[in-house]
Visitor: 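Dumping the structure here so I can ask a few things about it.
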2 protein chains.
Amino acid sequence: MSRDLPDFDLSRFLPYRLTVASDRLSAGLARRYRTEFGISNAEWRVLVHLADAGEVSIRELEARVHLEKSKASRAASRLVEAGHVTKRPNPEDRRLVRLSLSDRGRALMTELLPMAASYQERLEAVIGTHMDDLEAALEAIMEADL
Amino acid sequence: MSRDLPDFDLSRFLPYRLTVASDRLSAGLARRYRTEFGISNAEWRVLVHLADAGEVSIRELEARVHLEKSKASRAASRLVEAGHVTKRPNPEDRRLVRLSLSDRGRALMTELLPMAASYQERLEAVIGTHMDDLEAALEAIMEADL
DNA sequence: CAGTATTCGTTGCATGCGCAACAACGTCAA
DNA sequence: TTGACGTTGTTGCGCATGCAACGAATACTG
């Protein structure tokens, strides 16, 4: 029995804790989106960006909502398939694509967005006074190079 | 052009921000573990728990390190395959399994654990004074029911 | 004790993922 | 204009994942 290993408490390891907390929130949301609307997490990000950006290309999705381009492309395809999104070529640069919400997609977002907003509110209530520091910490993580 | 959709800023949506930040940390770590040791994230969690828990069953992994049982089972298989972990049946309850670090696995952890600890330190330096609130917020998220 | 329910770990299946390769298109210099 | 180079989006491939179903082992109940 060699007890020479350094002590290490996984439950205090920040990347682990962040992942677990994030998975918890995402799983809860994803379950609602999926069961009620048949929408996955990636698809939801696309929809949200379309809802306030209008016409968008794949590479813009990649940059704005942190979706790798193949993931963005496939999410968009599924949304087109489902009738929530319209895809057409960009005539000014035919490499690009113009994604936009269809009427049906817009109707969907009329339900989804308020649901997300109320989720955010409940979350902020739960987090309470730590909210500002939480945001500051997340920004520090995003800007740090590690 | 119906501009009737509620405003919603994805970049302020907490589940999204948490996921992005967590992915950023996990991806950085995973890359190092994978390129230097051929270890995935799930496998790493198993190793860490084995390093301070000794002999462990799959269901204990599931409970302690938040790995769904099939994920834990497959991670363990890969580690056995790689020679880092030993698996044998539990004689007192033959449904259970006893996973433990092999000598090779222990040697691996001698390198991995200090690396993780120093990563945590750099992270805490980056987060600075927000650290306590960050932890409090994460705990609130974990305990809330949403 | 027999018979049923429960627990544990593994596996089959469908699916989503990341990465590299690719075709189509545009840019730029000579 | 031509040809080399960069960009954009899609797709093939291998792999990890989540879920349900399953066999084996144990616990429980009357």
Side-chain angles (χ1 to χ4, degrees), chain A residues 19-20 22-24 26-35 38-46 49-50 55-82 85-100, chain B residues 19-20 22-24 26-35 38-46 49-50 55-82 85-100:
Chain A
T19 299
V20 172
S22 146
D23 285 353
R24 184 172 154 81
S26 295
L29 275 173
R31 212 160 44 83
R32 297 191 56 180
Y33 293 156
R34 186 166 43 82
T35 62
I39 296 297
S40 81
N41 237 307
E43 286 153 29
W44 184 76
R45 284 197 206 174
V46 173
H49 189 58
L50 290 183
E55 292 197 322
V56 162
S57 68
I58 295 287
R59 86 171 198 281
E60 193 171 332
L61 282 176
E62 184 173 20
R64 302 283 180 184
V65 300
H66 282 89
L67 284 181
E68 193 247 0
K69 63 179 182 173
S70 69
K71 200 171 173 178
S73 171
R74 292 194 246 239
S77 294
R78 276 172 263 153
L79 289 169
V80 170
E81 182 94 12
V85 164
T86 303
K87 170 162 62 179
R88 45 182 180 170
N90 182 333
E92 295 168 13
D93 184 340
R94 294 198 324 237
R95 293 170 301 182
L96 298 183
V97 147
R98 285 191 170 169
L99 300 166
S100 55
Chain B
T19 300
V20 173
S22 147
D23 285 353
R24 185 172 154 81
S26 295
L29 276 173
R31 212 161 43 82
R32 296 192 54 181
Y33 292 157
R34 185 166 44 80
T35 62
I39 296 297
S40 81
N41 237 308
E43 285 153 28
W44 185 78
R45 285 198 207 174
V46 172
H49 189 59
L50 289 183
E55 291 196 321
V56 162
S57 66
I58 295 287
R59 87 170 198 282
E60 192 170 332
L61 282 176
E62 184 173 20
R64 303 282 181 185
V65 299
H66 282 91
L67 284 180
E68 193 246 1
K69 63 181 184 174
S70 70
K71 199 170 172 178
S73 171
R74 292 193 245 239
S77 293
R78 276 171 264 156
L79 290 169
V80 170
E81 183 93 14
V85 164
T86 303
K87 170 162 63 180
R88 44 182 180 169
N90 181 334
E92 295 167 14
D93 183 341
R94 295 192 329 230
R95 291 171 301 184
L96 298 183
V97 146
R98 284 190 170 168
L99 300 166
S100 55

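Since the structure is predicted, the reported quantities are computational estimates derived from the model, not experimental observations. Lettering follows sequence order; numbering is per chain, from 1.
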Visitor: Need to verify one output field. Residue with the more 5' nearest nucleotide on DNA chain C, A/Glu68 or A/Glu92?
Guide: A/Glu68

Visitor: In whole angstrom, give the distance that lies between atom CZ of A/Arg95 and atom P of D/dT7.
Guide: 9 Å

Visitor: In whole angstroms, how far is the P atom of C/dC25 from the CD1 atom of A/Ile58?
Guide: 17 Å

Visitor: Given that A/Val56 and B/Lys71 both sit by DNA chain D, which one's nearest nucleotide is further toward the 5' end?
Guide: A/Val56

Visitor: Do the side chain of B/Arg74 and the base of D/dG18 come within less than 3.5 angstrom through a donor-acceptor pair of N or O atoms?
Guide: yes

Visitor: Find the distance A/Asn41:CG to C/dT15:P and express it as a whole number of Å.
Guide: 18 Å

Visitor: Given D/dT26, C/dG18, C/dT11, which nucleotide is nearest the side-chain atoms of A/Ser70?
Guide: C/dG18

Visitor: Under 3.5 Å, is there a donor-acceptor pair between the A/Ser100 and A/Thr86 side chains?
Guide: no

Visitor: Looking only at side-chain N and O atoms, does B/Arg31 come under 4.0 Å of OP1 or OP2 in C/dC19?
Guide: no

Visitor: Going by side chain to side chain contact (heavy atoms under 4.5 Å, CB included), A/Val97 matches just one of A/Glu60, A/Lys87, A/Arg59. Which one?
Guide: A/Lys87

Visitor: How close or far is atom P of C/dT10 from atom CD of B/Glu62, stated in whole angstroms?
Guide: 12 Å

Visitor: Is any side-chain nitrogen or oxygen of A/Ser73 closer than 4.0 Å to OP1 or OP2 of D/dT10?
Guide: yes

Visitor: For A/Asp93 and for B/Val97, locate the closest nucleotide of DNA chain C by heavy-atom distance; then report the residue assigned to the nucleotide nearer the 5' terminus.
Guide: B/Val97

Visitor: Is any NZ, NE, NH1 or NH2 atom of the basic residue among A/Arg98 and A/Glu55 found under 4.0 Å from an Asp or Glu carboxylate oxygen of the other?
Guide: yes

Visitor: Hey, are the side chains of A/Ser70 and A/Arg74 touching, using non-hydrogen atoms and a 4.5 Å cut-off?
Guide: yes

Visitor: In whole angstrom, give the distance that lies between atom CG of A/Leu67 and atom P of C/dG16.
Guide: 14 Å

Visitor: OP1, OP2 of D/dG9 versus side-chain N and O of A/Lys69: anything below 4.0 Å?
Guide: no

Visitor: May I ask you to verify if any side-chain N or O of A/Ser57 is less than 4.0 angstrom from the OP1 or OP2 atom of D/dG9?
Guide: yes

Visitor: Kindly say whether, by distance alone, the side chain of A/Arg59 makes a donor-acceptor pair under 3.5 Å with the base of D/dT8?
Guide: no

Visitor: Heavy atoms under 4.0 Å, any strand shown: does B/Ser40 hit a base, just sugar-phosphate, or nothing?
Guide: nothing

Visitor: Give the rounded distance in Å between these two atoms: CZ of A/Arg34 and C1' of D/dC19.
Guide: 10 Å

Visitor: When you compare the side chain of A/Ile58 with that of A/Leu67, does any pair of heavy atoms fall below 4.5 Å?
Guide: no

Visitor: Take atom CZ of B/Arg94 and atom P of D/dA27, then tell me their distance rounded to the nearest Å.
Guide: 12 Å

Visitor: Which nucleotide in the list D/dG9, D/dT17, D/dC19 gets nearest to the side chain of A/Leu96?
Guide: D/dG9

Visitor: How many Å lie between CG on B/Asn90 and P on D/dT26, as a whole number?
Guide: 10 Å

